[in-house]
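Single-structure report; data block below.
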Amino acid sequence: QVSVSFDQDVDIDLHVLEPNTSGVADDYCAPEGGCELYYGDKSCPSGGQLDLDSNAACSIDGINNENIFWPEGQAPIGNYTVRVAFWDDCCNCGSNYTVTIQYCGFVEVYEGTFLPNTDTGGGAGSGITVAQFDNCNCGKRVIGDARYRDQTFDAGGISARMMRPVRHAMVNVFQVNGEPDAPGGGDDPEDTLIGQTTTDRNGHYEVNYAADSDADLYVEIISQTNAEDGLRDIIVADNPKFGNEYRVRSDVFASPAEDANITFSKKDFEITDDLKAGAFNIFDVLMTGHDRVTLMTGRDLGPVRAFWMTGFDSTDTLYCSQKAYDAENCNELGALSVRGNDQDRDEWDDMIILRELFKLATERVSRDDSPSGQSDGTRSDVRRAWTDGLSTFFACDAMETQYFVNTTPRVGYMIYDIRDLELMDTPWAFRTSNGDMDGDVSDRLVSSFLWDLADSSVNEVWDGVHGARAGIYDVLFTYFNMSSWVDRGVTGVDLVEFLDGWFCRGWKQTTEVEDLIVNHRQFNYDFDGPLACSSE
């Protein structure tokens, strides 16, 4: 059923274009272009009909509603187009309208407005397109919930193992062609894809499909988002050489018979370590980081590819920047590698994964001038310290915790490295190598300073800046994207350029920032700043 209602005494007409079933099989999903139902043709051979032409030619009937419907089971299989035409503005007042579509057990609602005196008249084919839909897979449905087992850590060390939803992952339904394989079933390249959807933020999925009665089916969850929805393009695969996404399949089950009382099947997924739960944790962490960057920038990161495989590992956990690629430290330019070696696996180290993701983000939508290599906590090249400290801050900011945790699997999992960005008191987190702002600096100083800018703590006498997260991301993704910002000291982006951008962009709080960076962290920033905020 398709209906339109409107809130003024005007002549609004509903048009629905049926599928063009001419010359196609009954079970074929026909293209649009068939019979058009509207006031000029109130019935179609399929059985579809329009119940009323309300307010025709401004003969006001007070109903302000039109319905097009088909007897149950008689609607043609294929693609439909819904249009609404503003025939006559009888009151010179315009009107709001609401279109409601009911099909395949779903209800969709669309709202719009016609402004006063914008009526256009019109016959067949007229009106604006409000919606397009199809009923090709209305017959049956598979529903379920997908979860994976996560290993969590906090400031006290190992936390509980817990089940988390598999969010926004692709879900495929296959019909088995030939004999199903033993448990797990299917896995035949000739099996037919008959339904597809994605899990929601709670790991729930519902997918309609069309299949023969009692056909053998299976469902699979994939470590991949649906890039076509325009929100995220994320894949976690096993190895650059193979590039296979992780797939977890259900057992094989029979599609309900046509005359069954229940026309849906329920298939839940509990993804444990032996089913590569680690891949789905990486997938989930990448989504968390991706969405935080998108929220702060409004910009698309583009494709995010990550590779993880247990048992051996060709690289550390890192972002394959151009410098890292040229140094032959990674295999696929622009991708992320997550360490899978049993000596120090990182699939559960959310902070480590997020830190490398943010290096990807700064290279793609900001600027990064770090030389290759990783910081070890001591004072080093100011550009490397800036990138690593910034990425550490981002990992904690995305996870909303002041504790940066890194683990290593010795007896169970041990805390290998834990940093409290709020109380960073290692000697390396203070001063530069020469006492000037162009001297070598530690990434610990950078990450703790940024955390103090962003946090809401009021318990530290030196920290008078609170909740300035927006200022940090503004400098990163606005100031650093300007073509003419001033580069002082060492060539390239570092902490000095960030502070210059902070003041140039008007975030100020000069006294409070001086307390943080000079009086507390003993980084002797020149508050006179550049002569201008632009080199032009």
Side-chain angles (χ1 to χ4, degrees), residues 146 148 164-173 193 195-205 207 219-248 269 271 276-309 315 317-322 324-325 330-338 340 346-347 350 352-368 391 394-395 397-399 473 476-477 481:
Y148 73 94
R164 294 188 184 276
V166 178
R167 302 181 296 147
H168 310 300
M170 293 290 295
V171 180
N172 291 332
V173 180
L193 178 65
Q196 190 172 67
T197 188
T198 57
T199 58
D200 63 18
R201 62 188 179 91
N202 298 311
H204 183 72
Y205 73 90
V207 55
V219 183
E220 66 177 9
I221 304 289
I222 311 174
S223 58
Q224 176 181 358
T225 60
N226 180 9
E228 294 182 0
D229 66 14
L231 297 176
R232 310 169 189 86
D233 184 359
I234 300 172
I235 294 177
V236 178
D238 53 5
N239 188 283
K241 180 188 293 186
F242 309 114
N244 297 317
E245 305 92 345
Y246 286 89
R247 297 168 182 256
V248 179
F269 289 81
I271 303 175
K276 306 303 183 186
F280 288 88
N281 184 64
I282 297 167
F283 180 71
D284 192 78
V285 171
L286 291 177
M287 269 191 294
T288 297
H290 176 282
D291 292 356
R292 175 58 64 101
V293 173
T294 301
L295 175 66
M296 292 300 177
T297 67
R299 300 175 66 182
D300 182 10
L301 277 183
V304 177
R305 301 288 179 265
F307 298 101
W308 169 74
M309 200 165 187
T315 67
T317 297
L318 56 80
Y319 166 59
C320 193
S321 65
Q322 186 68 59
Y325 183 78
C330 51
N331 298 318
E332 183 165 318
L333 182 65
L336 294 164
S337 295
V338 179
D346 284 337
E347 66 266 29
D350 299 356
I352 303 299
I353 299 167
L354 285 167
R355 184 178 66 185
E356 297 309 309
L357 173 66
F358 198 65
K359 292 177 182 178
L360 175 153
T362 55
E363 184 172 280
R364 291 188 183 178
V365 296
S366 180
R367 174 166 175 164
D368 176 43
S391 300
F394 171 78
D397 188 47
M399 298 298 292
Y473 289 107
L476 295 178
F477 299 111
N481 276 319

* **Listed partners of D238 passing salt bridge (charged side-chain N to carboxylate O under 4.0 Å, His left out), at least two apart** => none

* **Test side chain to side chain contact (heavy atoms under 4.5 Å, CB included) applied to P240 - qualifying residues, sequence neighbours left out** => F307, N331, E332

* With sequence neighbours excluded, tell me which residues meet side-chain hydrogen bond (donor to acceptor under 3.5 Å, both in side chains) with Y205. => none

* Does anything in residues 276-287 pair up under salt bridge (charged side-chain N to carboxylate O under 4.0 Å, His left out), and if so which pairs, sequence neighbours excluded? -> R167-D284

* To do: List in chain and number order the residues that pass side chain to side chain contact (heavy atoms under 4.5 Å, CB included) with D233, two or more places apart in sequence or in another chain; answer none if no residue qualifies.
  => A227, P303, R305

* To do: Could you list the residues that satisfy side-chain hydrogen bond (donor to acceptor under 3.5 Å, both in side chains) with R232, not counting sequence neighbours?
  => D291

* Contacts of Y319 that satisfy ring pair (Phe, Tyr, Trp, His ring centres under 6.0 Å) - sequence neighbours left out -> none

* Asked: Looking at residues at least two apart in the chain, or sitting in another chain, which of them share a salt bridge (charged side-chain N to carboxylate O under 4.0 Å, His left out) with D350?
  -> none

* Which residues share a side chain to side chain contact (heavy atoms under 4.5 Å, CB included) with L333, sequence neighbours left out -> Q322, Y325

* side chain to side chain contact (heavy atoms under 4.5 Å, CB included) involving E245 - partner list, sequence neighbours excluded -> I222, S223, Q224, I235, R247

* Structure fact -> By side-chain hydrogen bond (donor to acceptor under 3.5 Å, both in side chains), K359 pairs with (sequence neighbours left out) E356, Q374, D388

* Structure fact -> Contacts of R164 meeting salt bridge (charged side-chain N to carboxylate O under 4.0 Å, His left out) (sequence neighbours excluded), chain-then-number -> D150

